[in-house]
Amino acid sequence: MKPTFFLRAGSLLLGLPTLLIADDDFNDTPDFEKPIGALDTVVVTANRSGQTLFDQVQPANVLAGPELQLKLAPTLGETLNHEPGVSSTNFGPGASRPVIRGLGDDRLRVLQNGTSVLDVSNVSPDHAVASDPLSMTAVEVVRGPATLLYGPNTLGGVVNVIDDRIATEPFDGSWPSGRFGVTGGTADDLFSQSGAVHWGAGPLVFHLDGFNRETENLEIPGFARSALLRSSDPPGTPQPYGVLPNSATHSKGAGAGISYVTDAGYLGLSYSGIESKYGTVAEPDVTIGLSQRRVEMKGALHSPTSWIKDLKLDLGYSDYHHTEFEGPAPGTQFMIEGFNGRLELLHEPVAGLEGAVGIETQVNEFSALGSEAFLPTVDNESYSTFFFEEYGFDPFRLQFGARYDHQSSETTTNPLFGAGLSRDFDAFSGSVALVYEPVEGYSATVSLGYAQRPPTYVELFANGPHVATGSFEIGDPNLGTEDALSLDVSLKKNTGRVTGSVSGYYYRFDDFISAQPTGAFDPADGFPIYAYQPVDAEFYGGEIETVFRLIGSDPDSVPVVSDDPKAPLPADSSIGDEHQLDLTLRADYVHAENRKTSEPLPRIPPFRASAGLDYHYGPFGAGIECQYAAKQDRTATFELPTDGYVLVNASIHYVLSSGPVETTFFIKGTNLTDEEARMSTSFLKDVAPIAGRGLVCGIRSEF
């Protein structure tokens, strides 16, 4: 355990806010006592009717409030890892992108407040997502065919990171509100601080936030390199032990927002920036310095006419660049600048139909400069139109939608890549779903989807060594669209002492674009040569999540609690006055292979399962969870298998309320058995295991 942790743990106690402001309307029931992961949570993403998780056709998960706080990690991928159906690329502590149902890269779209995050995390696994978990108030993960409303590159799913920089509701307090948190950890010598404040003046609502996080090299249970890799190493190869070299990180950022909110609607503008520097782990002396500046505008008109329910506008502009430093010297640079805009019209019911129509556009310029730039400068444009409708006829609901996209990618003349090239694509996507609710609290859903995904500029134009993945990549400018049929079925129960959901899926791809080994090696650096080629593929699997109320009142007898942390409870509420113990079981599985050869596709997650106990009484809570991942020996060519592992995590927390200030003290232990665990979805699985035994403690105050 690193000695600096104890110094920083002391500063956590000294950092406890002492602000006490009288507010008779403040709800002093701790957030940690409210139902966690309830199916009554309202979902924003791919939802046009204000529906809850239970009402949603597509499988979805929402992390917010105390659950988000306890699962928060330095990267988006690690924060969401172990959610049903979600794993991560785990490219060291500095870069990790989600993988949903075995699909990642451009088959999963990361949004920030509903518009594209606009970074280059889908270009290479060593590129971090330009949205830090410390700045978000919630994150939604949506899977299934309905995500096609956000584009043809969402068959894996949509991850929407939500912050509160732009207010959509008027500020109703007489005093500013906000939050403040400080966290320290042992496994990586973590020390982070974050805070935000909101205030209002008439129809104007203001917001400020900021964060800072630093970590040192990650402590690991044993050797950095796997036993299989060490057995093939030449004698004398350095074998790091106990610490993962070049894994330190430092991220900081801030944001500001202003909104004008009335009963007729709102209009808001925000500006934010993030700076991050982290070691790539794949190379001992290479670090990445990342910088992004982002501007967002959001607006809505409520009932501007008798037939329009809402008219919504979302705009996001991003200026992103990062530099890969080789020691102190700057090396290859990656840059992307562009915007994403989305306009939606939600209409009132017409002949029993309720839904939305909209248009979306995204324009950006990508460029890479330096000796390891394996891509040319590319101008990308896409223009889309879509609709989504729902028709109810008790006990059924029918949902259907479609989307059309026109995408173009054009390169400039470049001495490394030759004459400029241009490709245009037209893509159509559609889905239809039927929901059956035989009695209150039970539902069954079946949905079908079809999607055409245009190839990315990486798949089209790559031509050079990609050091992060240890390969020489060759694109194919003649690639066509990738076509996929999908089937998704789910069952949900939201009543009684046993609640939860189970879902299954099948994806059938024609011309699934994948980097295939050619068997040749690049003579300059010795990297194996991979070429992007279309193959026929299939994915199938499922997820389950079930909560058993072992001790405490039947969940049906507990009053519904508002998502607003300051909303008062009903006067007769007894939440927190009794012992409550829940058992949560989760599991997921995905099988992916080439349909013609039956060969496995690369970096697919294994079967995973977890069991957790959560206890609450008054302001005190505790939990313990055991996570199991099976061995993954269905591997692609040149890919090594990974062993199974079991992780044990635990946490305790206490909530102290005084007037309008609610302060949560928490301690969580991760990988308590110090298990060596390697993730099969990671390019670095054989050189970078996950963290060893660690302790994280923190304070979070809300006022």
Side-chain angles (χ1 to χ4, degrees), residues 97 105-106 109-131 150-153 271-276 288-297 314-324 330-342 359-384 405-427 453-464 466 468 473 475-477 479 513 532:
R97 201 171 190 266
D105 300 326
D106 193 58
R109 192 173 183 191
V110 179
L111 307 175
Q112 186 165 340
N113 301 312
T115 58
S116 176
V117 72
L118 279 171
D119 58 18
V120 294
S121 62
N122 63 332
V123 173
S124 176
D126 64 325
H127 299 170
V129 177
S131 183
Y150 287 89
N153 58 339
Y271 177 80
S272 60
I274 183 173
E275 304 278 344
S276 181
I288 288 180
L290 176 158
S291 176
Q292 185 196 48
R293 298 296 180 265
R294 181 176 174 88
V295 179
E296 288 186 34
M297 176 183 288
D314 294 286
L315 294 173
Y317 163 81
S318 172
D319 184 3
Y320 169 99
H321 71 269
H322 82 237
T323 302
E324 299 180 356
T332 305
Q333 293 182 311
F334 291 84
M335 293 163 282
I336 188 169
E337 182 179 7
F339 75 90
N340 180 205
R342 187 179 180 93
I359 57 174
E360 182 176 3
T361 183
Q362 180 167 314
V363 177
N364 65 71
E365 181 185 70
F366 167 86
S367 58
L369 305 173
S371 59
E372 295 179 3
F374 63 100
L375 286 164
T377 296
V378 187
D379 290 320
N380 301 285
E381 296 182 3
S382 67
Y383 302 94
S384 314
D405 293 85
H406 176 79
Q407 176 180 303
S408 64
S409 298
E410 182 178 357
T411 72
T412 58
T413 301
N414 186 299
L416 292 177
F417 298 93
L421 298 171
S422 179
R423 288 297 311 274
D424 291 88
F425 300 91
D426 293 291
R453 184 184 73 89
T456 67
Y457 52 88
V458 178
E459 295 161 344
L460 290 170
F461 305 126
N463 186 18
H466 191 174
E473 297 184 10
D476 182 356
L479 287 171
I513 301 171
Y532 283 100

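Just so you know, these numbers use all the heavy atoms, side chains as well, and skip hydrogens, waters and symmetry mates. Computed from a predicted model, the values in this text were never measured in an experiment.
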Between [X] (side chain only) and [Y] (backbone N and O only), is there a donor and an acceptor less than 3.5 Å apart?
| X | Y | answer |
| --- | --- | --- |
| Arg97 | Pro125 | no |
| Asp106 | Thr456 | no |
| Arg294 | Ile274 | no |

Shortest non-hydrogen contact from [X] toward [Y]:
| X | Y | result |
| --- | --- | --- |
| Leu479 | Arg423 | O-NH1, 3.0 Å |
| Gly341 | Leu315 | CA-CD2, 3.5 Å |
| Gly316 | Thr115 | CA-OG1, 4.0 Å |
| Val117 | Ser131 | CG2-CB, 4.1 Å |
| Asp119 | Ala130 | OD2-N, 2.8 Å |
| Ser408 | Asp424 | CB-OD2, 3.1 Å |

Give, for atom [atom1] of [X] and atom [atom2] of [Y], the distance between the pair rounded to the nearest 0.5 Å.
| X | Y | atom1 | atom2 | result |
| --- | --- | --- | --- | --- |
| Asn380 | Glu365 | CG | CD | 9.5 Å |
| Thr411 | Asn463 | OG1 | CG | 11.5 Å |
| Phe461 | Leu375 | CZ | CG | 9.5 Å |
| Phe334 | His321 | CZ | NE2 | 13.5 Å |
| Asp426 | Gln407 | CG | CD | 10.0 Å |
| Ser116 | Asn122 | OG | CG | 8.0 Å |

For a side chain to side chain donor-acceptor pair (under 3.5 Å) check, start with the C-alpha distance between Ser318 and Gln292, then their side-chain angles and the critical distance, and finish with the verdict.
CA-CA 7 Å; Ser318 172; Gln292 185 196 48; 2.8 Å; yes
Is the Lys NZ or Arg CZ of Arg342 less than 6.0 Å from the centre of Tyr150's six-membered ring, within 45° of the axis?
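Yes, cation above the ring, under 6.0 Å and within 45°.
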Contact between [X] and [Y] at the side-chain level, heavy atoms closer than 4.5 Å - yes or no?
| X | Y | value |
| --- | --- | --- |
| Val123 | Tyr457 | yes |
| Val363 | Thr361 | yes |
| Tyr317 | Arg293 | no |
| Gln362 | Asn364 | yes |

Glu360 and Asn340: side-chain donor and acceptor closer than 3.5 Å?
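The criterion, which ignores hydrogens and geometry beyond distance, is satisfied for Asn340 and Glu360.
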His127 vs His322 aromatic rings, parallel, tilted or perpendicular, using cut-offs 30° and 60°?
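Perpendicular.
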Candidate pair Tyr320 and Leu118, rule side chain to side chain contact (heavy atoms under 4.5 Å, CB included), full reasoning:
CA-CA 8 Å; Tyr320 169 99; Leu118 279 171; over 6 Å; no
